[in-house]
Amino acid sequence: MIKSIFSTFTTRIFSLFISFATLILTTKYLGAKGRGYISLLTTSAGLINLFSGFVGGAALVYLIPKNKSRNFVFQAIILSYCWALLVSIVIGFTLFWTDSITENLVIHTLFLGFLLSIITTHNIILVAFEKIILQNLVNILQIFVNFTLFAVLLIVLRRAKVSSFIISLYSAYIISLFFSVISIIRNLPSKVENLSLLSSLKNILKYGLVSQLGNVIQYLNYRFSFYVLKHFSGISAVGVYSVGVVISEAIWTISGSISLVQYSKIANSDDINYSREITLLLAKLSFLVTFAAICVLILIPESMFSTIFGEDFSRVKQIIIFLFPGIAIFSYSIIISHYFAGIGKYVVNTKASFIGLIVTLVSNFVLISRYGYSGAAISASLSYMTTAGFLIYSFVKETGLAIEKLFPSIGEVRFVINRIIRGI
């Protein structure tokens, strides 16, 4: 497992560097306004992806190992495709009618959201197959193609336009889609069963509705402020705030790498004691490394952010400071949430996200209207801490764990470091 975590972490760090380089290109060549348009486009496509997950979402990681047949996988794919298409149309035009996105982004939001939804479903199936490396390669390919083509359009062909990013994103999604299809075909289960399509749909919805509702609500916690910022402060404010958010949330690469492997292992294990012990250990590791990473980030001079991203983004460090508390504590709870997902108790994560969303909605309209993107950062941090608090409380209640066990000891830190060294 440690080897899988290290492999995933290494892959995500590489992807992070490419994403960071893409971020710099958007800020340097397109400015705060261009970055704002890109943020709204990718956020809206992500929203479509999340709603599509009600059928093709993370619940498949739990269901596919329990229904190890080729038929179930095929039916899950067919159902997820149809649902993703419907969701793309409905959400795409809903965002336009509510003036959440501009007219020139509507069609691109619809198609990119659909493509992203399909790729995400494929990646989830690969995780269910425990093909973590292949899933990582799909993600790397997507990010790398996007960056390379975008850089060529900007620097070589001198097309400093938002449309250049859109073209590169289409290309990246299509190529990644092709690779993911091949990966799934090569790893399909050999077992064949006669399954009813309606029965499979009911089974998927039984777990998918609750689990994905939590993901959708949590995504709104992450990104609802973008739309509120656009309303109160304009598209440029969205661009500035998005840079601070992307940098801060990039640190969650640590938690994401750990939780991806953790989720797959727990979903394929029947040992509840093992699941609890490994969750607690990995949660402590996640928090310690995340906390250290944010401290390093805050030590960077404010002038450095202006140098890297341009004068429009001189106040990015202030956004990061406000996000600090929420980012740190939430990195702990990310591992906890994947424990509940791995044992099929998605309702706990949904409740946590819903409580966080209430904090987001109230604080967004109160703080953003007064303090702009600084208010958005404070609001996000409050939401993250509230969600994390509920998840940790639920984990303690579920396991009967003593409160002092939540905190990392020196011995546990040494143990984890030794395991990582041996895994390498």
Side-chain angles (χ1 to χ4, degrees), residues 12-43 140 143-166 168-169 172 222-223 225-226 229-230 233-254 289-328 331 368 371-378 380-381:
R12 292 198 176 193
I13 286 294
F14 179 69
S15 300
L16 188 61
F17 278 116
I18 300 175
S19 298
F20 188 69
T22 304
L23 175 65
I24 293 175
L25 288 179
T26 61
T27 57
K28 282 286 189 180
Y29 284 88
L30 304 178
K33 189 173 183 179
R35 178 64 204 174
Y37 280 116
I38 289 173
S39 298
L40 284 178
L41 173 64
T42 53
T43 296
I140 284 181
I143 296 169
F144 182 75
V145 171
N146 182 31
F147 166 73
T148 303
L149 185 54
F150 185 45
V152 169
L153 290 171
L154 287 179
I155 301 170
V156 179
L157 301 181
R158 300 183 182 278
R159 285 178 50 92
K161 300 178 180 179
V162 174
S163 60
S164 296
F165 182 84
I166 294 174
S168 65
L169 199 57
Y222 296 151
R223 294 294 182 265
S225 55
F226 282 26
L229 257 180
K230 175 182 175 291
S233 305
I235 196 75
S236 295
V238 177
V240 175
Y241 178 63
S242 70
V243 173
V245 169
V246 168
I247 294 173
S248 298
E249 292 182 355
I251 298 174
W252 281 340
T253 299
I254 301 163
V289 180
T290 299
F291 186 86
I294 301 176
C295 288
V296 172
L297 191 60
I298 287 179
L299 292 176
I300 299 174
E302 189 173 278
S303 58
M304 184 67 71
F305 290 99
S306 298
T307 302
I308 296 173
F309 301 110
E311 291 300 322
D312 289 350
F313 303 90
S314 60
R315 300 187 68 186
V316 165
K317 182 176 179 178
Q318 180 180 323
I319 295 171
I320 295 172
I321 291 173
F322 286 133
L323 287 169
F324 185 161
I327 294 290
S331 68
I368 293 177
Y371 306 110
Y373 42 69
S374 294
I378 296 170
S381 198

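- Under a cut-off of 6.0 angstrom, the local environment of NZ in Lys28 is crowded, with over 12 non-hydrogen atoms contributed by other residues, nucleotides or ligands.
- Smallest separation of non-hydrogen atoms from Ala237 and Tyr373: O-CD2, 3.9 Å.
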Evaluate side chain to side chain contact (heavy atoms under 4.5 Å, CB included) for Ile235 paired with Leu40, printing each intermediate quantity in order. CA-CA 9 Å; Ile235 196 75; Leu40 284 178; 3.1 Å; yes

Chi angles and distances behind the side chain to side chain contact (heavy atoms under 4.5 Å, CB included) call for Leu25, Phe147: CA-CA 9 Å; Leu25 288 179; Phe147 166 73; 3.6 Å; yes

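- Closest heavy-atom contact between Ile327 and Ser248: CG2-O, 3.9 Å.
- No more than 12 heavy atoms of other residues, nucleotides or ligands sit less than 6.0 Å from atom OH of Tyr371.
- Phe150 has its side chain within reach of Thr26: a pair of non-hydrogen atoms, C-beta onward, lies under 4.5 Å apart.
- Within the model, atoms CD1 of Ile247 and CD1 of Ile319 stand 9.0 Å from one another, a figure rounded to the nearest 0.5 Å.
- The ring-ring contact (aromatic ring centres under 6.0 Å, His included) contacts involving residues 22-43 comprise nothing, where partners must be two or more places apart or lie in separate chains.
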Stepwise, does the side chain to side chain contact (heavy atoms under 4.5 Å, CB included) test hold for Ser331 with Trp252? CA-CA 6 Å; Ser331 68; Trp252 281 340; 4.1 Å; yes

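- Across Leu323 and Ser381, no two heavy atoms sit closer than the pair O-OG, 3.8 Å.
- Judged by distance alone, the side chain of Ser168 and the main-chain N or O of Phe165 form a donor-acceptor pair under 3.5 Å.
- For the residue pair Ser242 and Arg35, the shortest heavy atom distance occurs at OG-NE, 3.3 Å.
- Between Val245 and Arg223 the shortest side-chain heavy-atom distance falls below 4.5 Å.
- Of all heavy-atom pairs between Val316 and Gly244, the closest is CG1-CA, 3.8 Å.
- Taking 4.5 Å as the limit, every side-chain heavy atom of Val243 sits out of range of all side-chain heavy atoms of Phe305.
- With Ser233 contributing its side chain and Gly372 its backbone, the two residues share no donor-acceptor pair below 3.5 Å.
- Residue Leu154 holds its CG atom at 9.5 Å from CG of Leu149, rounded to the nearest 0.5 Å.
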Derivation of the side chain to side chain contact (heavy atoms under 4.5 Å, CB included) call for Leu23 and Phe309: CA-CA 8 Å; Leu23 175 65; Phe309 301 110; 3.8 Å; yes

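- Of all non-hydrogen atoms in Leu229 and Ala376, the two that sit nearest each other are CD1-CB, 4.2 Å.
- Within a 6.0 Å radius of CZ in Phe291, no more than 12 heavy atoms belonging to other residues, nucleotides or ligands are found.
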